[in-house]
Amino acid sequence: MRGICELITYCYGVWNEFLNFIGGRSGLAHWVLFILALFLCIFMGKEIRQKIFFPAVLVLLFFFNPLFYAVVGTRFLSGIYWRLLWMLPNSFVIAYVLTQMTYKIKKNLLRVAAVVLACACIAVTGDRIFTKETYSEKENDYEIPNAAIEICDYVRGNLLSWKETIVVPNDLLCYIRQYNSAVGLFYGRNAGGFISNIGEDEKAVYEEMCKENPDVKVITDIGKKRYCRYLVFDNTFHRIPEDLTEYGYEKVYVVENHYVIYRIFEEERVWGSDGPDAGK
């Protein structure tokens with residue numbers, strides 16, 4: 001009975017990974033076109049079956065195998081198992097099959113109708129690549145937000161050691177590390193479990209930083225324990241007291257009127273002999 005329950009759990013996990021890949025129901029129509037095109041490849045000769053049909057089917061058999069998911073997906077590809085489907089040339093197969101079918105149609109009117117119908121299907125099932133959410137003009141030569149640069153420059157200009165540990169809002173996680181190695185993130189983009197698991201302290205701080213009303217005491221207590229000298233909050237999202245001196249951090253700098261940098265104060269007393277450079 002236990003084995004059946006685990007198998008059902010793995011099947012459910014595989015299905016969720018698939019939905020994650022196609023973007024929910026909105027991407028299902030594109031996959032219907034792909035499966036239909038893949039099926040038609042069976043009738044296009046031995047070479048097409050060997051180069052397109054069988055490799056694609058093999059990937060699908062691996063992906064939708066709950067045992068493969070249990071052994072490989074949950075252990076080595078946690079959070080990114082759906083990327084296995086990148087090996088499927090969905091759009092290429094649809095385009096290739098459409099081209100071949102159109103070529104075999106003798107009447108020009110039917111050819112035009114087939115192309116128009118296919119274009120309509122692709123337009124309906126596709127999404128625009130460049131939108132307000134996915135594209136913006138670059139702010140500088142580094143092609144990262146100016147806020148990330150200004151935060152890093154401030155921290156770099158006030159180093160106590162060769163490197164400072166910092167907590168930043170989630171929207172800056174991918175940019176800080178691209179600009180300066182002297183600014184080390186307490187946790188990076190792997191906090192969401194996309195790359196690897198993180199420690200309990202990192203997880204606790206990350207979960208609080210995801211909230212509009214974070215528990216400041218949890219963040220600052222862990223920050224002091226783990227020698228995290230800087231904390232950055234976004235006052236357009238985080239609802240926290242402006243004065244954090246009672247928690248051991250002081251407001252030192254504001255970037256773009258909403259990223260507020262707090263630095264631990266009385267560093268010598270707080271770090272003591274166990275500070276970040278102890279023993280050096």
Side-chain angles (χ1 to χ4, degrees), residues 1-135 192-196:
M1 186 66 180
R2 180 182 177 183
I4 295 176
C5 291
E6 288 181 347
L7 183 62
I8 293 174
T9 300
Y10 291 137
C11 289
Y12 183 72
V14 170
W15 182 247
N16 280 338
E17 293 281 356
F18 175 69
L19 292 180
N20 188 23
F21 176 74
I22 68 174
R25 294 179 180 178
S26 61
L28 188 59
H30 188 77
W31 260 73
V32 170
L33 287 176
F34 168 65
I35 296 300
L36 177 60
L38 195 63
F39 174 75
L40 293 175
C41 287
I42 299 175
F43 308 100
M44 292 185 173
K46 181 179 179 180
E47 185 178 4
I48 298 302
R49 287 196 295 269
Q50 290 178 341
K51 291 184 177 180
I52 296 179
F53 179 77
F54 290 123
V57 169
L58 187 62
V59 172
L60 290 173
L61 288 176
F62 270 108
F63 182 86
F64 286 103
N65 185 338
L67 298 180
F68 181 78
Y69 175 75
V71 176
V72 177
T74 58
R75 296 183 182 181
F76 305 105
L77 300 173
S78 178
I80 59 171
Y81 182 76
W82 52 269
R83 292 185 181 180
L84 288 177
L85 294 177
W86 283 355
M87 291 187 289
L88 294 174
N90 303 50
S91 299
F92 169 80
V93 172
I94 294 173
Y96 178 80
V97 172
L98 172 63
T99 303
Q100 291 299 312
M101 290 181 63
T102 305
Y103 177 75
K104 292 181 179 181
I105 296 175
K106 301 302 181 182
K107 294 184 178 181
N108 289 333
L109 183 60
L110 292 178
R111 285 184 176 182
V112 173
V115 172
V116 170
L117 179 61
C119 290
C121 291
I122 294 172
V124 170
T125 60
D127 293 322
R128 289 180 298 168
I129 297 177
F130 299 114
T131 65
K132 291 182 178 179
E133 290 74 28
T134 59
Y135 175 81
F194 303 114
I195 302 175
S196 61

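In this structure, the separation between NE2 on His30 and CD1 on Ile94 is 4.0 Å, given to the nearest 0.5 Å. A distance of 8.0 Å separates CG in Leu85 from CG in Asn90, rounded to the nearest 0.5 Å.
Using cut-offs of 30° and 60° on the angle between ring planes, the pair Phe92 and Tyr96 is parallel. Using cut-offs of 30° and 60° on the angle between ring planes, the pair Tyr69 and Tyr10 is perpendicular.
For the residue pair Val93 and Ala37, the shortest heavy atom distance occurs at CG1-CB, 3.8 Å.
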Enumerate donor-acceptor pairs with a distance under 3.5 Å from any side-chain N or O in residues 42-65 to protein atoms, sequence neighbours excluded.
{"unit_1": "Glu47", "atom_1": "OE2", "unit_2": "Lys51", "atom_2": "NZ", "d": "2.8"}
{"unit_1": "Arg49", "atom_1": "NH1", "unit_2": "Ile42", "atom_2": "O", "d": "2.7"}
{"unit_1": "Asn65", "atom_1": "OD1", "unit_2": "Leu67", "atom_2": "N", "d": "2.9"}
{"unit_1": "Asn65", "atom_1": "OD1", "unit_2": "Phe68", "atom_2": "N", "d": "3.4"}

Tell me which donor-acceptor pairs under 3.5 Å the side chains of residues 107-114 have, and how far apart each pair is, sequence neighbours excluded?
{"unit_1": "Arg111", "atom_1": "NE", "unit_2": "Thr102", "atom_2": "O", "d": "3.1"}
{"unit_1": "Arg111", "atom_1": "NE", "unit_2": "Ile105", "atom_2": "O", "d": "2.5"}
{"unit_1": "Arg111", "atom_1": "NH2", "unit_2": "Tyr103", "atom_2": "O", "d": "3.1"}
{"unit_1": "Arg111", "atom_1": "NH2", "unit_2": "Ile105", "atom_2": "O", "d": "3.1"}

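Residues Val14 and Phe18 fail the side-chain proximity criterion, which asks for heavy atoms closer than 4.5 Å. Taking the side chain as every heavy atom from C-beta outward, Trp31 and Leu88 approach each other to under 4.5 Å.
You'll find the ring centres of Tyr12 and Trp15 outside the 6.0 Å limit.
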